[in-house]
Amino acid sequence: MLVLTVVVVLPRFQRIQSLNDVVNRLVREHLQGIRPVHAYNAEAYEQKKFAAANQDITDNNMVATKTMAVINPGMTAISSGLTLAVYWIGAFLIAAAGASAKLTLYSEMVVFSNYAMQIIMAFMLLNMVFVMLPRAQVSVRRVQEVIGTTSSIVSGAGAMVDESQQGTVEFRDVSFSYPDDGARVLSHVSFKAKQGETIAFIGATGSGKTTLVQLVDRLFDATGGEVLIDGVPIQDFDLDDLHNRVGYIPQTATLFKGTVKTNICYGEAAATRSDQEVEDALAIAQADFVQTLPAGTDATIEQGGRNVSGGQRQRLAIARALARKPEILVFDDSFSALDFATDRALRDALERECAGTTRLIVAQRVSTIRDADQILVLDQGRVVGQGTHEELLKSCKPYQEIVNSQMSAEEAAHV
Ligand code: ADP
């Protein structure tokens, strides 16, 4: 019986636990993507995917359960048969014994029967452990994967910053590959931004812009070269200190359930932020729509910011970064969800109110970055052009192509 459990049931239960993952993932994906599923009439396709996974898990469950349906009565039959055999043989022995030995034989029979039952019970429990063990093994392995993963981003001992270098961002011959992927995403990128300067990054999708700016907030460490903030290698900073210096606005704005205010006053030191500071941050971020809400900054924000538009979400995310008053602001394509007029107004407000803050801007539109102090044109992780808009217009072919694809020559000169 135990052999049957180990050979047939054990691997099945292991597989069932992994298949549970697949079914859960499919259900989650379907529910999260319910809108595209409807929009693309993909209900039948999704149902087919679910049915295949469901069939797989059902088949495995059937084999395991059918085997257990034989094993369990088998074990019970063995234990009951053994008890019957003990009493049967005992009864013959007692009947054949003399009167004085009958009582001794009877008590020995009862004791023997109890021991035999204990051994059988132990085997039945062992059988149950064999059923539960593979499921537990799979779960433990998964929990260990999470708990046992150590972050390669280790906080530095703390950096002594030279005042004269404050607000500077420097990349020295930086290269980068993602951990699970050998391909180089950035190759030999070098630039220096002084305090208050605006550095912009433009290039085709997949050219490495997001990857580059993520290195500034140490979401990843460069695999070659050096990134310096305030003149100090980025690895030397205490991570909290670094995150206070850099205001990173990711490509996809994430809002949390709460109010406008709890979203703006988010993170460390948020409690000390005054209402005026919140209002100022919202004003610079062009989040005027908050004023039109009946509850103003106390207006409710649903989970993930579902009750505000993409552009509004982006503006609130910008306001959240501004409220922290960082030395360096990193906008990862934060402007493309904004209309042209708001894009312009936001850049003007940043120029006016955050003149001392260094700005790194990833953008799709040339008009967004035209006034930048330095523009880096990226192509497959390499810098193929570096300079001001006017310089690049004269000397950089890839930049000229981007400009030409977006506006007429006259516009290019005057935007
Ligand atoms: P961009 O912002 O210019 O569109 P990205 O920096 O997002 O470009 O991506 C640059 C390259 O890195 C792409 O080829 C992309 O496939 C790859 N990449 C991005 N994120 C990851 C990741 N987490 N793991 C592996 N490769 C990635």
Side-chain angles (χ1 to χ4, degrees), residues 25 28-29 32 145-146 149-154 169-191 193 198-227 229 234 239 243 246-254 310-311 313-314 317-318 321 328-338 343 347 358-370 372 374-387 389 392 396-406:
R25 177 177 54 77
R28 197 173 54 227
E29 222 170 51
Q32 279 174 348
E145 261 172 36
V146 176
T149 305
T150 49
S151 173
S152 59
I153 310 292
V154 183
V169 180
E170 188 176 356
F171 274 49
R172 283 188 193 154
D173 199 30
V174 169
S175 297
F176 181 77
S177 313
Y178 279 100
D180 302 330
D181 189 3
R184 272 232 176 135
V185 175
L186 292 174
S187 297
H188 307 289
V189 177
S190 297
F191 70 89
T198 299
I199 308 290
F201 307 91
I202 198 163
T205 305
S207 56
K209 306 180 296 291
T210 297
T211 307
L212 191 153
V213 290
Q214 281 180 346
L215 300 183
V216 180
D217 207 22
R218 255 197 108 188
L219 296 177
F220 294 97
D221 274 336
T223 43
E226 208 171 21
V227 179
I229 294 228
I234 204 164
L239 274 180
H243 295 153
V246 180
Y248 176 68
I249 301 134
Q251 205 162 13
T252 317
T254 308
R313 214 163 26 232
Q314 197 58 269
I318 294 172
I328 298 149
L329 278 167
V330 179
F331 298 92
D332 185 2
D333 213 2
S334 317
F335 293 79
S336 43
L338 309 177
D343 177 338
R347 279 183 287 128
T358 312
R359 280 152 278 163
L360 304 187
I361 301 179
V362 170
Q364 303 282 348
R365 297 197 290 244
V366 173
S367 58
T368 307
I369 58 162
R370 191 194 178 285
Q374 209 183 136
I375 300 169
L376 270 77
V377 187
L378 291 174
D379 182 29
Q380 296 184 3
R382 292 179 180 280
V383 179
V384 291
Q386 194 161 358
H389 173 72
L392 290 170
C396 177
K397 199 155 186 298
Y399 188 71
Q400 289 162 1
E401 282 166 8
I402 296 171
V403 173
N404 290 337
S405 69
Q406 294 187 14

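Keep in mind the model is a prediction, meaning the values are calculated, not measured. Indexing begins at 1, ligand by ligand and atom by atom, following the structure's order.
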No-hydrogen, no-angle side-chain donor-acceptor test under 3.5 Å, Asp173 and Ser190: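 No - no donor-acceptor pair under 3.5 Å links their side chains.
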
Under the side chain to side chain contact (heavy atoms under 4.5 Å, CB included) test, residues paired with Gln251 that sit two or more places apart: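 Residues passing side chain to side chain contact (heavy atoms under 4.5 Å, CB included) with Gln251: Thr210, Asp332, Asp333.
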
Residues at least two apart in sequence or cross-chain that pass side chain to side chain contact (heavy atoms under 4.5 Å, CB included) with Glu29, listed by chain then number, are Arg25, Leu26, Lys49

Option passing ring pair (Phe, Tyr, Trp, His ring centres under 6.0 Å) with Phe201 (candidates Phe171, Phe331, Tyr399, Phe191):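 The option that passes is Phe191.
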
Apply side chain to side chain contact (heavy atoms under 4.5 Å, CB included) to the pair His389 and Val366, showing each step before the final yes or no. CA-CA 9 Å; His389 173 72; Val366 173; 3.9 Å; yes

Return the set of residues passing ring-ring contact (aromatic ring centres under 6.0 Å, His included) with Tyr248 (not counting sequence neighbours), or none when no residue passes.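 Partners of Tyr248 by the ring-ring contact (aromatic ring centres under 6.0 Å, His included) criterion come out as none, since no residue qualifies.
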
Give the residues near ligand 1 by chain and number, with the criterion being a heavy-atom distance under 4.0 Å.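 Within the 4.0 Å shell of ligand 1, which is judged on heavy atoms, sit Tyr178, Val185, Ala204, Thr205, Gly206, Ser207, Gly208, Lys209, Thr210, Thr211.
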
